[in-house]
Amino acid sequence: MDAHPRMLYLPDTMTNWPWPRTINPHFEDVKAEVDASFRDFKALSPESQEAFDKCDFEHIRIGCDLMNLFFIVEEYTDIENEAVAKERADIVLDALHNPHKMRPEGECILGEIARLFWAHAIQFASLPSQRHFLETFTEYIHGVVLEALDREQGRRYSSIDDFLKLRRKTVGIKPCFPIYEMGMDFPDEVFYHPVIIDLADCITELIIIDNDMMSYNKEQAAGNEFHNLISTVQLELGLDRGSAMAWAAHYHAEVQKRFIDGLAKVPSWGPSVDVLVKEYLDGIGNLARANHAWSYETQRYFATKGLEIQQTRLIPLLPRVNHAAA
C-alpha cells in the first residue's frame with residue numbers, strides 16, 4: 001500500500017447548525033434492549049452483524065427499531081437485481097400493512113422483522129403518524145427497487161436534479177419524520193402544509209449531502225459510487241473530487257439558509273397546535289445533527305478514524321478494489 005496516499009478534504013458542513021449534538025437520556029438502556037432482540041433474528045452474516053454492532057443509533061425504542069429495519073433492508077437489497085429487490089420490498093410492505101398476520105414459513109426474514117417492528121410501533125403511535133409513516137416508507141422502498149434497476153442496468157446519472165429525485169427516496173429520511181409526531185395528534189393540514197413540507201425537504205437534502213460526502217470514499221473504492229451525489233456532480237459539472245466536495249458544501253449552506261429562513265414563515269394554527277409544530281420541527285432539526293454526528297462516531301464510513309477525521313477534515317483516498325482479480 002502507498003505509504004503516502006492521496007488525501008481528500010471533507011468540508012465541515014454543520015459548524016453553524018443551531019442544533020447541538022445531544023444524547024437521549026434513555027439511549028443506552030434502550031439500545032441494549034433493541035440490539036439484543038435484533039440479534040436474535042440471526043438475519044445477518046457474521047461479517048454484517050459485526051458491521052451492525054459497530055453502529056450506534058440515536059433514537060429511543062421505535063426509532064432504534066426503524067434504524068435496524070433500514071439496515072436489514074439495505075443488507076438484503078443492496079447488491080440485488082430489480083426482481084429480487086421488488087420481491088423483498090413487497091414482503092416488507094405486506095408485513096407493514098398486516099402486522100398481526102403471521103408470515104409464511106420459509107419467507108425472507110425481512111417480513112417478520114418488519115411485522116414485529118410495526119406491531120410494536122402502532123401500540124404507541126398516533127393514527128396520523130401511522131398514515132404518514134406508511135406513506136413515506138412506501139415511497140422509500142419503491143426508491144430502493146428503482147435503485148436496484150439502475151444498478152442492474154449500469155445507469156449513471158449525469159443530471160444532479162434527476163439524481164436527487166431518486167436519492168430523496170432512497171436516503172430513507174422521510175420515514176423518520178413521523179417518529180417525531182408519534183405522540184401527537186398532528187393534523188394533516190399541518191403535516192402537508194407547503195411551508196412544513198419545504199422544511200422537511202430541507203432536512204432530507206442536508207442529510208443526503210452529508211451522507212454522500214462521507215460515504216463517497218468507501219463507495220468509490222468499492223466501485224459503487226454511482227448512486228452518490230459527489231459522483232453525479234463530477235459527471236454533470238466536470239469537476240474533480242475536491243471541487244465536487246466544495247460544490248456540495250456550498251449547496252449545503254444554501255439549504256441550511258433556506259431552512260432557517262423557512263422557520264420564520266411557519267403559520268400559526270393556535271397555541272395547542274403551535275407547540276406540537278415547534279416540537280416536530282425541533283425534532284427534525286436535531287435529526288440533521290444526529291446523522292452528522294453518527295457518521296463520525298460510528299465505524300460505518302471511517303472505521304476507527306471518524307473522530308480524528310472530524311478534526312483534521314482529511315481522508316486518505318482508498319484504492320479501488322479490483323473485483324476481476326478478486
Side-chain angles (χ1 to χ4, degrees), residues 9-32 34-35 54-67 70 171-184 186 195-196 198-215 229 245-246 248-266 274-315:
Y9 179 74
L10 185 63
D12 189 354
T13 57
M14 295 291 279
T15 303
N16 299 316
W17 190 242
W19 282 265
R21 177 194 179 280
T22 57
I23 290 287
N24 188 292
H26 305 293
F27 168 70
E28 292 297 340
D29 291 339
V30 172
K31 181 182 184 299
V34 170
D35 285 357
K54 292 177 180 177
C55 299
D56 289 321
F57 301 115
E58 293 283 340
H59 303 289
I60 54 177
R61 180 63 197 254
I62 296 173
C64 283
D65 285 340
L66 178 58
M67 296 302 106
F70 281 136
V171 72
I173 295 304
K174 290 183 180 180
C176 298
F177 295 153
I179 298 294
Y180 296 101
E181 53 152 333
M182 282 190 166
M184 312 175 185
F186 210 43
V195 172
I196 302 300
D198 188 62
L199 290 169
D201 286 348
C202 285
I203 299 301
T204 299
E205 211 84 342
L206 292 176
I207 292 176
I208 288 171
I209 300 166
D210 279 330
N211 183 87
D212 284 14
M213 291 173 77
M214 287 186 268
S215 66
L229 177 62
M245 285 282 185
H250 179 75
Y251 180 45
H252 194 286
E254 290 181 343
V255 177
Q256 279 195 44
K257 184 178 186 304
R258 191 174 112 208
F259 182 85
I260 299 301
D261 291 348
L263 291 175
K265 301 174 184 177
V266 175
D274 288 354
V275 69
L276 302 180
V277 173
K278 185 180 185 303
E279 181 180 343
Y280 174 75
L281 294 176
D282 187 60
I284 68 172
N286 182 68
L287 180 58
R289 172 66 71 184
N291 173 77
H292 186 263
W294 175 88
S295 298
Y296 287 106
E297 294 175 30
T298 68
Q299 297 184 31
R300 185 163 177 81
Y301 301 129
F302 305 122
T304 60
K305 300 291 188 180
L307 294 178
E308 177 185 329
I309 289 170
Q310 190 173 21
Q311 294 299 316
T312 66
R313 318 307 311 169
L314 295 175
I315 311 172

Carefully, step by step, assess N291 and M14 under the rule side-chain contact (heavy atoms from CB on, under 4.5 Å). CA-CA 11 Å; N291 173 77; M14 295 291 279; over 6 Å; no
How long is the span from the CD1 atom in I179 to the CE atom in M67, to the nearest 0.5 Å? 7.0 Å
Interatomic distance, L10 atom CG to I315 atom CD1 [nearest 0.5 angstrom]: 4.5 Å
Does the side-chain contact (heavy atoms from CB on, under 4.5 Å) test come out yes or no for V266 and K278, once each step is laid out? CA-CA 10 Å; V266 175; K278 185 180 185 303; over 6 Å; no
Is the shortest side-chain heavy-atom distance between [X] and [Y] below 4.5 Å?
X    : Y    : value
W19  : D282 : yes
C202 : I284 : no
R21  : H292 : no

Please report the shortest heavy-atom distance between [X] and [Y], naming the atom on each side.
X    : Y    : answer
V195 : G262 : CG1-O, 3.8 Å
E181 : F186 : OE1-CB, 3.1 Å
R289 : W17  : NH2-O, 3.1 Å

Below 3.5 Å, can you tabulate the donor-acceptor pairs from side chains in residues 204-214 to any protein atom, sequence neighbours excluded?
from, atom 1, to, atom 2, distance (Å)
T204, OG1, A200, O, 3.2
E205, OE1, R168, NE, 2.8
E205, OE2, R168, NH2, 2.8
E205, OE2, Y251, OH, 2.5
D210, OD1, T13, OG1, 2.5
D210, OD1, H252, NE2, 3.4
D210, OD2, H252, NE2, 3.0
N211, OD1, Y301, OH, 2.7
D212, OD1, R167, NE, 3.2
D212, OD1, R167, NH2, 2.7
D212, OD2, R167, NE, 3.2
D212, OD2, L229, N, 2.7

What pairs of residues pass the side-chain hydrogen bond (donor to acceptor under 3.5 Å, both in side chains) test when at least one of them lies in residues 302-314, not counting sequence neighbours? Y296-R313
For the pair Y280 and F177, name the ring-plane relationship: parallel under 30°, tilted 30 to 60°, perpendicular over 60°. perpendicular
Step by step, would you call L281 with Y180 a side-chain contact (heavy atoms from CB on, under 4.5 Å)? CA-CA 9 Å; L281 294 176; Y180 296 101; over 6 Å; no
